[in-house]
Every structure is written in C-alpha cells, then in structure tokens.
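Each chain gets a letter, A, B and so on, in the order the sequences are listed, and its residues count up from 1.
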Number of protein chains: 2
Amino acid sequence: MDSVEVPEVVVLRLPLYVRALSQLMSESAEVVSSQQLGSLLQMTPAQIRKDLSYFGRFGKQGRGYNVRFLLNELQEILGLDREWRACLVGVGRLGRAIINYPGFHRDNFRIVAAFDGDQSQVGNKIGAFDVQPMSELSETVCDKKITIGIVAVPAQQAQNVINELVENNIKGILNYAPVAANVPMNIVIRNIDPVLSLQSMTFYLRHLT
Amino acid sequence: MDSVEVPEVVVLRLPLYVRALSQLMSESAEVVSSQQLGSLLQMTPAQIRKDLSYFGRFGKQGRGYNVRFLLNELQEILGLDREWRACLVGVGRLGRAIINYPGFHRDNFRIVAAFDGDQSQVGNKIGAFDVQPMSELSETVCDKKITIGIVAVPAQQAQNVINELVENNIKGILNYAPVAANVPMNIVIRNIDPVLSLQSMTFYLRHLT
DNA sequence: ATCTGTGAAATGATTCACAGCC
DNA sequence: GGCTGTGAATCATTTCACAGAT
C-alpha cells in the first residue's frame, strides 16, 4: 500500500511480471508458482515472492498464484488499468519511428500530440495529427490531459525541451536523447539509450578477436 | 585490471562518464573533479571516485582528473577504442529506424548487414545493403567479423532469432523485442524496452488526476 | 507434498571520513 | 585549500530457511 517504502528496483521488476503473466494468460495457464515464473524470467523464486510481498498476499500456499488475479492486481498497482496519454517532442527520424511504433498503443500508452521546435516541421502531418509548435504545448497538454512527454530531439536541445515539458505540467518523461537530464524530484524520468547499452556490453566483449 | 570482480553496476556507469568527459572535451575543459563530474551526472563524487578506483588511479590529488587522459583510459577499458560491427535482424519499421539511427555510427558501432526471416523482405535494399536471408547469417558473421546482433523482430520470433545468432558466433545481443530472452552465460544481452520503462513510471504517476 | 510469505542472515552497493598528496 | 583514493561504516538488496496454509 505505502508506495513510498517500496524499493525502486522492485517497481522496475513489476512490469516484467506483468508481461510474463500476460503471456501465461494467453496460454490459458490458470495458476503459476514463483518457481515457474522465476524460470520464465530467469530470477529466483524467493525474489519474486519477496517483491510481491511488498504489495500484499496474492498467492495460495501449496498452490501458487492465480494468473488472472495476480495480473490484475499488478496492473492496478502499476496504474496500467487506464489509458496514459503522451506527447512527442521532436519529429525527426527517431520521433517518427516512435510515433509509428505499435508497442506503446498495445499497452495503453497513446501518443496524442506531436511538437517540434523547428518551424519547418510545424504543420506537417505525422500519422493522424499535425506537428504543433512548442508554443501550443501548454494548451494541448491541458486539453488532451497529457501526463507523459516523449523526448526525441537532439542532445543539445534535450534539457531545454525537458524544462519546457516540466513547466507545462508534464509528470513523466521518456527521454531518447543521449543526455543525463536534470529534472525536479517530483518528476519521473526514464532514459532510452541503446548506445549506452552497447558501450557497457563491449566491456565484456573487448577481449574477443 | 581483473575485470571479473568489477561490479556490473559500475560497468553500467562507465559509459556515462565517457559521455560526460566527451562533452567536457568538446568544451575544452582540461581538468575535472569528481565533484564537477558528479553534478553533471547527478551522482555523488564519492561514487565516481570509487567506481574509477576499480580500474586504476587516474586522478591527481588537489587537482582532479585530466579530461583527455581519463576519457582515453575509460574508452580503452570499455573497448571503445575500436570499431564494433553489428548485424540487424528484422527490417520492419523498427529495424529500419535502427539502421537509420545515426547514434550508433557516431560512437563507432557499425551495422554492416541486415537479415530477415521473411522471404518477401530478402533482397530489398535498406540503406546501403541488401536484406539477406537468415541462411546467410553464418557466412556473413564470419566474413564481416560481426560480434553483435541487433534483434528487431516480433516478440514471438525473438528467442529463435537469438538462438540462431548465438549459434553463429554472435557474442553480444541488443534486443529490442519485448521478451525476457534466454542466452548462455557467456553471451551478453541488453534489452531496449520503452514500454517497460513507461510501465514502471506510471507506478509513480498513478495517483495523478 | 507443495508452495507462499517473511523474519533473519548474507551479500552487495553506496557513502563517509580521513590520510596523503599537490 | 582542494582533491583523490580507500578502508570502514552504513544502507540496500538478495537469498536462506522455515512456519504455516492447502
């Protein structure tokens, strides 16, 4: 219940459980043990049980967890039982790819507006909607009940864009720009940075060939 | 030196240091303290010093770290002092976006081949090269000295594709498919999954509106 | 017999705090 | 005065191991 004392690492793992449970649902599994879930996700059963125990007692001793029930509970805990609306900032190649990526939509994250600081992009049609100028951010965020901003601008502009988003009432930021952006403590930011992933990977590969 | 006992969290942070140092270089900074680096990256100076101490003594007491020198050392530690070649598997929308993403190339990661299991994609031109059938994987990996595989296929096919990559001598995998893939212990895998990021974000946002 | 939920123990990561050097 | 490098202390996370439920 008291989300303040749930370790962040635990929260980061909950979506993995949601995904595994969704898969089990689609396979018509009715019950799953922490053991099975663990081997599906390559984690120890103890960790799964401990993680879940932060939020309640969802299992039955001797049996395991009801798949549908646990999935529902976790979705509610994560706030996934509703639609989330996001705006995209930056409609270059990356931004366009993000808009067209069907994965967000499938999981109830809807991109409902697109902005760009570049005048030459403004007014262009991208998918279903027009690219808007940043000056319309405030109004659109309010009108369309947007809570999440997706940042797909060049590194140099990212911090400014993020500042603008925060000033205009955006609460969560998914940042694709390769920068360690600064945000106020009450804002949640997540960075997507494949180059960083590769650069830590090569540490382990460097002695090959 | 002995990379086995460097904690993985530390390795994951090194690329952040590399990036910050690159930026400092471009601003012609010559020296930087753990303090300054920390405020740039929002980390404690102690953590930075401790992280670096796993690999050597790079700083000068009373002064700090020479930017160029530290950058070079870290790049060498991470194996970034050479080019890494990767192949892409899956040339759908996501795959095409990945090929066109200039960020990899800028940091010396080169995508040098593209594959797709779908016959109708094979032979199409994507950027500079032809889409190849999976049957040519083995030969191409060998000929072009590819060590990294980038997976951009639908979730359902991902594990199979990853298995094929591993069987064909790929040592590192950057996986964009939303699955918890299984790989042998000697293979390094990194997952890029923006939906997971959003789903853990909403935990903190769920009580808004 | 099987599996959860959970305190306690063990392990791991971060931060402190200071000696030593510039 | 300022800063690094690092043991020691603190704090966080994972794993163990078992009582209790089915």
So, OP1 or OP2 of C:dC3: does either fall under 4.0 Å of a side-chain N or O from A:S34? no
Any idea which of C:dA13, D:dT14, D:dT4 is nearest the B:S33 side chain? D:dT4
Heavy-atom donor-acceptor pair, A:Q61 side-chain to D:dT22 base, under 3.5 Å: no
Within 6.0 angstrom of B:E27 CD, more than 12 heavy atoms from elsewhere: yes
Check this for me, if you would: do B:K144 and B:E136 make a salt bridge, where the nitrogen-to-carboxylate-oxygen distance has to be below 4.0 angstrom? no
Check the distance between C:dT15's P and B:D51's CG and give it to me in whole angstrom. 10 Å
What I want to find out is whether A:D193 reaches B:R19 closely enough, with some N-O distance under 4.0 Å, to be called a salt bridge. yes
In whole Å, what is the span from the NZ atom of B:K50 to the C1' atom of C:dA13? 10 Å
Looking at DNA chain D, which of residues 13-29 of chain B put a heavy atom within less than 4.0 Å of it? none
Roughly how many Å is it from CG in A:L37 to P in C:dG5, rounded to a whole number? 12 Å
A:E76, CD: over 12 other non-hydrogen atoms inside 6.0 angstrom: no
Expected list for residues 63-74 of chain B near DNA chain D, using heavy atoms below 4.0 Å, is B:R63, B:G64, B:Y65
Does any non-hydrogen side-chain atom of B:F115 lie less than 4.5 Å from one of B:C87? yes
In whole angstrom, what separates B:Y54's OH from D:dT6's P? 11 Å
Nearest-Å distance for atom pair CD1/P, residues A:I48 and D:dT13: 17 Å
A:F58 CZ to C:dT6 P, straight-line distance once rounded to whole Å: 11 Å
For a side-chain contact (heavy atoms from CB on, under 4.5 Å) with A:D116, tell me which candidate from A:V131, A:V89, A:I126 qualifies. A:V131
Should A:I48 and A:L52 count as side-chain neighbours, where that means a heavy-atom distance under 4.5 Å? yes
Atom CD of B:Q47 to atom C1' of D:dT10: distance rounded to whole Å? 15 Å
Distance, rounded to the nearest Å, where A:Q36 contributes CD and C:dT2 contributes C1': 12 Å
Test side-chain contact (heavy atoms from CB on, under 4.5 Å) applied to A:Q75 and A:I77, A:L78, A:L71, the passing residue: A:L71
Candidate nucleotides D:dT4, C:dT15, D:dT13, ranked by approach to the side chain of B:T44 - the nearest: C:dT15
Electrostatic pair B:E30:B:K60 at N-O distance under 4.0 angstrom: no
Toward the 5' end of DNA chain C, by each residue's nearest nucleotide, B:G62 or A:Q35: A:Q35
Tell me whether the OP1 or OP2 atom of D:dT14 has a side-chain N or O from A:R49 closer than 4.0 Å. no
Between C:dT14, D:dC16, C:dC16, spot the one nearest the side chain of A:A46, thanks. D:dC16
Residue from B:I150, B:V112, B:I148 passing side-chain contact (heavy atoms from CB on, under 4.5 Å) with B:L88: B:I150
